[in-house]
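Written out below as structure tokens is the structure these notes cover.
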Protein chains: 2
Amino acid sequence: MVTIKDIAREAGVSPSTVSRVLSGKAKISPETTRRVMEAIEKLGYIPNASAKSLVMKKAYSVGIFMPRKLEQALTSTFFDQVVSGICSYINNTEYEIVLSIVPPEKEKESLERLIKSKKVDGFILLTSRINDYAIKYLRNLKFPFVLIGSPDKDKDYVNWVDNDNKKAAFDATEYLIRLGHIQIGFLGGMENLVLTQDRLSGYKSALSKYKIPVENQYIMFTEFDEQSSYEKAKQMLMLPDRPTAVVCIDEVVAYALIRACRELDLKVGYDVSVIGFNESIFSKLSSPRLTTINTNVFYLGYYAAEMLIKELEEPYKTYKRLIVQHSIVEGETCRAI
Amino acid sequence: MVTIKDIAREAGVSPSTVSRVLSGKAKISPETTRRVMEAIEKLGYIPNASAKSLVMKKAYSVGIFMPRKLEQALTSTFFDQVVSGICSYINNTEYEIVLSIVPPEKEKESLERLIKSKKVDGFILLTSRINDYAIKYLRNLKFPFVLIGSPDKDKDYVNWVDNDNKKAAFDATEYLIRLGHIQIGFLGGMENLVLTQDRLSGYKSALSKYKIPVENQYIMFTEFDEQSSYEKAKQMLMLPDRPTAVVCIDEVVAYALIRACRELDLKVGYDVSVIGFNESIFSKLSSPRLTTINTNVFYLGYYAAEMLIKELEEPYKTYKRLIVQHSIVEGETCRAI
DNA sequence: CTGTTAGCGCGTTCAG
DNA sequence: CTGAACGCGCTAACAG
């Protein structure tokens, strides 16, 4: 292994001079700098991260934290996209990414370990729940983090990046209303997710704007997986007075509904209009193409990473938030009636 | 911050005794052990990872390495599933996961940095290419790694976990042949992927077994993304003598083909039978349900993680390999003719 | 502008 | 069975 001492010897200087050249924070003569750089190049020297971390009291790593059951079927391509966005930004920094996906019961232990062992300098949280444990824990410790999603409360005291989910659901619902739908259903995810609540709220306010009464029987929640999505979808379609259009919180939920339609001999886009969220590669490829809200998941990740790194480099005086735009992508699953 | 010294003071012992209690490798009196454990509990002590790494010369981290373009649309839920499997195993160890997804041109730099800075003790490689740079680099350095997929050569000198892709493609193709198909197409991924070559080879040997000549016009390659998959699919379907069934290397490719069928007014399962690979949540939900090969991607990740950790704990005398089973999941996209 | 010294927190000698 | 001393590789403080 080649250490800073080897470089020092090779360049005929002291280790601290090598350190100074590397950090660039001190005045070093051009000649010395050249000799040091040559030695580094020649020996292929890269500083030992642990040693640096130990003295700098910094890990130069950020954690991606996602509490969820591992064995559970996965919900869409959200994870792929958001992680890609995060990597895309982090790759241009000196930080590494530590990935932690743990079942909810290990959440506390896992966070504590990463923080106290100083493995990471900050976190990107991939989910926001009502009364979120991770958020509370990190806020309490004043440990740096950025939330992807909106906090359920204290919105001004957390750094976060999110879509305007209320607006997005409002837009989706209004889109259906303008197509003439009045009986509109809402298929959400877990009720304890802020995402579900926000989109539900947008859905309701669109109905309200057009003086359409909210029917509780038209509102259902799923576990974001295939099984429960399909069951709830079927349940909704078998209501005596079933909705003519449904806002689905996720593409998995949307496809479950489409599947249920097919089982019940209902024609998607005719008997039932469907709109989803989080455009993925499947939305474009499915037949019929799914009408969906593109939430630019990649950029949720990208900007969250940027926000976290900037916070680490120079702590904000105040908390930041960022809204990533969404847009409707018209497919073939919605029709005027 | 609470350090080993604080625990020592609290328990009335020396730091080295605390260290010994923690490592469990030395005889310590029950009484001392108890006092130390109490102090640890009381102060919530967790050892500093950098300090430990520095002296142990171990990072207690494994890298997940995946060279790919970040801005590119993502190919199916493979990444989700494999990462979940890896996390599932790693969560029960003392290791952390460092995630590195980099564009191919940064591959060398990224690997070198992670290794030389001692950020990771080993790698799990998520792709296997013909003449793979990462494999060559790591082998050359004798740096521990496990490949998910099969190496293109030196199969006995690399640790790897994979499906039997030749057999899987053979099974898929034979399944179609038994349904009476003779004109069978193959839509692969990138040609430089071992995965593509293996499945192509299995496809060919099934044809060969049944004395069906291989038609080069029936073999095409995609970039694993929506755009090129769709184009190649359309191209294949517009052949003068188009295939009546197609083996698709991935679900994204399969859905692209299904989409192309629809554009060309070909009925999937009637005019064209389709079989895919890597069962995902969408296979079950799509209409028609995709007939596909379940490759148990989660377990590819799980066992690769296990293999790597065991290798790190006690280096194998020899190289290991593991084959994860596959199975056909019958959907509605294949029919006898 | 540069070298010397000290110390980050921990595990491992080596004594006792 | 336990403590003291040392060093892992690096940066920062202090001299010069």
Side-chain angles (χ1 to χ4, degrees), chain A residues 1-40 43-61 94 96 113-121, chain B residues 1-37 39-40 43-61 94 96 113-121 313:
Chain A
M1 199 183 58
V2 30
T3 74
I4 201 170
K5 281 186 189 170
D6 300 319
I7 303 303
R9 195 178 313 116
E10 177 77 23
V13 296
S14 75
S16 32
T17 298
V18 177
S19 177
R20 287 184 185 111
V21 169
L22 249 19
S23 79
K25 283 183 217 157
K27 300 251 174 258
I28 303 285
S29 78
E31 166 60 13
T32 309
T33 303
R34 194 186 53 73
R35 289 216 315 282
V36 169
M37 292 307 287
E38 269 177 23
I40 288 175
L43 303 186
Y45 169 68
I46 292 181
N48 180 298
S50 302
K52 184 171 181 181
S53 292
L54 187 56
V55 43
M56 298 298 278
K57 298 184 180 309
K58 260 195 84 163
Y60 296 96
S61 293
E94 57 180 333
E96 305 297 339
R113 179 167 124 177
L114 286 168
I115 293 172
K116 289 198 178 173
S117 71
K118 299 230 175 319
K119 276 261 190 180
V120 302
D121 302 315
Chain B
M1 198 183 59
V2 31
T3 74
I4 201 169
K5 282 186 189 170
D6 299 319
I7 304 303
R9 195 177 314 116
E10 177 78 22
V13 297
S14 74
S16 26
T17 299
V18 176
S19 176
R20 287 183 183 109
V21 169
L22 248 21
S23 78
K25 282 184 218 155
K27 300 251 174 257
I28 302 285
S29 78
E31 166 60 13
T32 308
T33 302
R34 192 187 54 72
R35 287 217 316 280
V36 170
M37 292 309 286
I40 288 175
L43 302 187
Y45 169 68
I46 292 181
N48 180 298
S50 302
K52 183 171 180 181
S53 293
L54 187 56
V55 44
M56 299 298 278
K57 298 185 180 309
K58 259 194 87 163
Y60 295 96
S61 294
E94 57 180 332
E96 306 296 340
R113 181 167 122 176
L114 287 168
I115 293 172
K116 290 197 177 173
S117 70
K118 297 227 175 325
K119 275 262 190 179
V120 302
D121 301 315
E313 298 290 308

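Just so we're on the same page: letters track the sequence lines, and every chain starts at 1.
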Exercise for the section: Report yes if at least one side-chain N or O of B:Y60 is closer than 4.0 Å to OP1 or OP2 of C:dC10; otherwise report no. Expected result: no
Completion exercise
Result for 5'-nearest mapping on DNA chain D, choosing between A:K52 and B:P15, is B:P15
Handout entry: Note: A:E38-A:R35 ion pair, threshold 4.0 Å (strictly below)
Key = no
Exercise for the section: Indicate, with a heavy-atom threshold strictly under 4.0 Å, whether A:V13 touches base, sugar-phosphate, or nothing. Expected result: sugar-phosphate
Handout entry: From D:dC10, C:dG3, C:dT2, nucleotide with atom closest to A:S14 side chain
Key = C:dG3
Completion exercise
Picking from D:dG3, D:dT11, C:dC10, the nucleotide nearest the side-chain atoms of A:V55 would be D:dT11
Practice task
Figure out the CD1/P separation between A:I4 and D:dT11, and round it to whole Å.
Solution key: 5 Å
Practice task
Measure from the side-chain N and O atoms of B:K116 to the backbone N and O of A:G44, and report whether any donor-acceptor pair falls under 3.5 Å.
Solution key: yes
Practice task
Scan A:P47 against the nucleic acid and name what it touches under 4.0 Å (heavy atoms): base, sugar-phosphate only, or nothing.
Solution key: sugar-phosphate
Practice task
Verify the contact: side-chain N or O of B:K57 to OP1 or OP2 of C:dG11, cut-off strictly under 4.0 Å; return yes or no.
Solution key: no
Practice task
Could you tell me whether the side chain of A:S53 and the main chain of A:A49 form a donor-acceptor pair under 3.5 Å?
Solution key: yes
Handout entry: Rounded distance (Å) that lies between atom C1' of C:dG11 and atom CG of B:L22
Key = 11 Å
Exercise for the section: Ignoring the backbone of A:I28, work out which of C:dT2, C:dG9, C:dG11 is nearest its side chain. Expected result: C:dT2
Handout entry: Cationic N near anionic O, under 4.0 Å, B:K58 to B:E313
Key = yes
Problem - Integer-rounded Å distance: D:dG9 P and B:M56 CE - result: 14 Å
Fill in the blank from the handout: Testing D:dA4, D:dA12, C:dG9 for proximity to the side chain of A:S16, the answer is D:dA12
Exercise for the section: Just call it for A:T32: base, sugar-phosphate, or nothing, with non-hydrogen atoms closer than 4.0 Å on any strand. Expected result: sugar-phosphate
Handout entry: Closest to the B:R20 side chain, choosing from D:dT2, C:dT2, C:dG9
Key = D:dT2
Fill in the blank from the handout: Closest to the side chain of A:T17, out of C:dC10, D:dG9, C:dT2, is C:dT2
Practice task
Could you tell me whether the side chains of A:T17 and A:S14 share a donor-acceptor contact shorter than 3.5 Å?
Solution key: yes
